[in-house]
2 protein chains.
Amino acid sequence: MTGTTAGRRPRTDAARNRTHILDVAERYFTEHGVTGSLDALAKQAGVGPGTLYRHFPTRDALLAALLAARDEELITRRDAIRTGGTDPAVALDGWLAALGTWATAFDGLPDPLRAAVTEQSSPLALTCQGYVTTTEEFLTAAQDAGRARSDVRGRDLFLAVLAISWVRGAAMADASSPAGLGSLLRTGWSTTA
Amino acid sequence: MTGTTAGRRPRTDAARNRTHILDVAERYFTEHGVTGSLDALAKQAGVGPGTLYRHFPTRDALLAALLAARDEELITRRDAIRTGGTDPAVALDGWLAALGTWATAFDGLPDPLRAAVTEQSSPLALTCQGYVTTTEEFLTAAQDAGRARSDVRGRDLFLAVLAISWVRGAAMADASSPAGLGSLLRTGWSTTA
DNA sequence: GGACAATTCGGAGAACGTCTCCGTATGGTC
DNA sequence: GACCATACGGAGACGTTCTCCGAATTGTCC
């Protein structure tokens, strides 16, 4: 959870600031989207820009820390679906829905997530890679049960969920996409294969 | 083509600048994506920022003017598909592919396009609305022939094409999405409806 | 061809965002 | 209590957006 290299324990004021910045960032990104001004966020947290950037060198690093707090929730959801013993297709569907919720935690989040899929240097890359793998597991199970097409790849499904979340973003006026695009992903627009 | 209200004929230097800016912008956006610096674009075109902003008050206005140049091409494509007398499902598929090519004319283009779908104040809104309508026509034809699911909406298909184009953007490392996501849109991941 | 008025140009500059650097303050330790 | 490493905070360099206005260009009318 804390990071790759343990290092020495940080100073108490540093730890306090880090936690506080995360708290404020959670609210700030919820309200302003992931592209909100970082200096403004720092001011709102009552710290200087330097302090913010020292703890989180990039916007993606800050996002990764925020998403790490949700990892547990999503992992729990994954295990619940796994042990649910439900139809593999229903399980995959449920997992994709959970991913969709995760990817819309903040407005504009799908953009850095997609970028992280192709740039492994991003702080978000590891998280994304993990969920791609989970998606592959659910997909493979569904395929083995003959409930999912064999030419579909897990990575593409993950990207498709991000894409749908991207459409949802920025507050769609009417409630068009939420259900519509979800079922489109499951069944496609065509009647016959 | 020229605009809604005719107004009086612009001065020759104004017309020349406008055309020249469009020429340079076409190259500039191709190279730097739609988020490239507008002041840098103005400098590259050899005009002041004021001149650029007078002709195209917003980035979207500039994009709309650039896309207008491609309207003819896409309309021609639409008519070719229409009169092709092909299977309505193949026709819809062809139209969606054409839309996908259009939406990836420049890197990052899907973002303003999606925004324009929900904000009719955008200069891109009219263009988008027109293509949504065309998509609905092809979709309805396919539905009437029993080749497309009846619960699919044209607007959602249009958004889905934008979403796939969005995934493609920013140069995907491997050739994952292009075909994969396209077929996903047509048939979905599920084997049974 | 010259003068006048409308139009357009160009760039200085205000406003905002990102990110860095370094003098100062704070925390931990002996 | 003193010392050193660590962390803080904000001034400021830099890039981008967009505006405003004095200067220049164009079209027209005599």
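Below, chains carry the letters A, B, ... as their sequence lines are ordered, and counting in each starts from 1.
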K.L.:
Give one of base, sugar-phosphate or nothing for A/Pro49, where a contact means two heavy atoms less than 4.0 Å apart.
P.N.:
base
K.L.:
For the residue pair A/Trp95 / A/Thr135, report whether a side-chain donor-acceptor contact shorter than 3.5 Å exists.
P.N.:
yes
K.L.:
Reading DNA chain C from 5' onward, which residue's closest nucleotide shows up sooner: B/Pro10 or B/Gly50?
P.N.:
B/Pro10
K.L.:
Look at the side chain of B/Asp13 and decide which nucleotide, out of D/dT26, D/dG9, D/dT17, has an atom nearest to it.
P.N.:
D/dT26
K.L.:
What integer distance in Å separates B/Lys43:NZ from D/dT16:C1'?
P.N.:
12 Å
K.L.:
What I want to find out is whether A/Glu137 reaches A/Arg82 closely enough, with some N-O distance under 4.0 Å, to be called a salt bridge.
P.N.:
yes
K.L.:
Does a side-chain N or O of A/Thr51 approach OP1 or OP2 of D/dG9 to a distance below 4.0 Å, or not?
P.N.:
yes
K.L.:
Between D/dG10, D/dT26, D/dC8, which one does the side chain of A/Asn17 approach most closely?
P.N.:
D/dC8
K.L.:
So which heavy atom on B/Thr134 is nearest to which on B/Arg78, and how close?
P.N.:
CG2-CD, 3.5 Å
K.L.:
Between the side chain of A/Tyr28 and the main-chain N/O of A/Ser37, is any donor-acceptor distance below 3.5 Å?
P.N.:
yes
K.L.:
Pick the nucleotide of DNA chain D nearest each of A/Ala15 and B/Arg54; which residue has the one closer to the 5' end?
P.N.:
A/Ala15
K.L.:
Are B/Arg186 and A/Trp189 in a cation-pi setup, meaning NZ or CZ lies under 6.0 angstrom from the ring centre and within 45 degrees of the ring axis?
P.N.:
no
K.L.:
Cation-pi between A/Arg70 and A/Trp102: NZ/CZ under 6.0 Å from ring centre and within 45° of the ring axis?
P.N.:
no
K.L.:
Would you say a side-chain N or O of A/His55 is under 4.0 Å from OP1 or OP2 of D/dA7?
P.N.:
no
K.L.:
Going by distance alone, is a donor N or O of one side chain under 3.5 Å from an acceptor N or O of the other, for B/Tyr131 and B/Asp71?
P.N.:
yes
K.L.:
Do A/Leu162 and A/Leu99 have side chains that get closer than 4.5 Å, going by heavy atoms?
P.N.:
no
K.L.:
Taking only heavy atoms on the protein side, list every residue of residues 27-39 of chain A lying under 4.0 Å from any atom of DNA chain D, sorted numerically.
P.N.:
none
K.L.:
Where does the chain B footprint on DNA chain C start and end, counting 5' to 3' with a 4.0 Å heavy-atom cut-off?
P.N.:
C/dA6 to C/dG11
K.L.:
Between D/dG15 atom C1' and B/Leu41 atom CG, what is the distance in whole Å?
P.N.:
16 Å
K.L.:
Over all heavy atoms of both residues, which pair between A/Thr86 and A/Ile81 is shortest? Give the atoms and the distance, please.
P.N.:
OG1-O, 4.3 Å
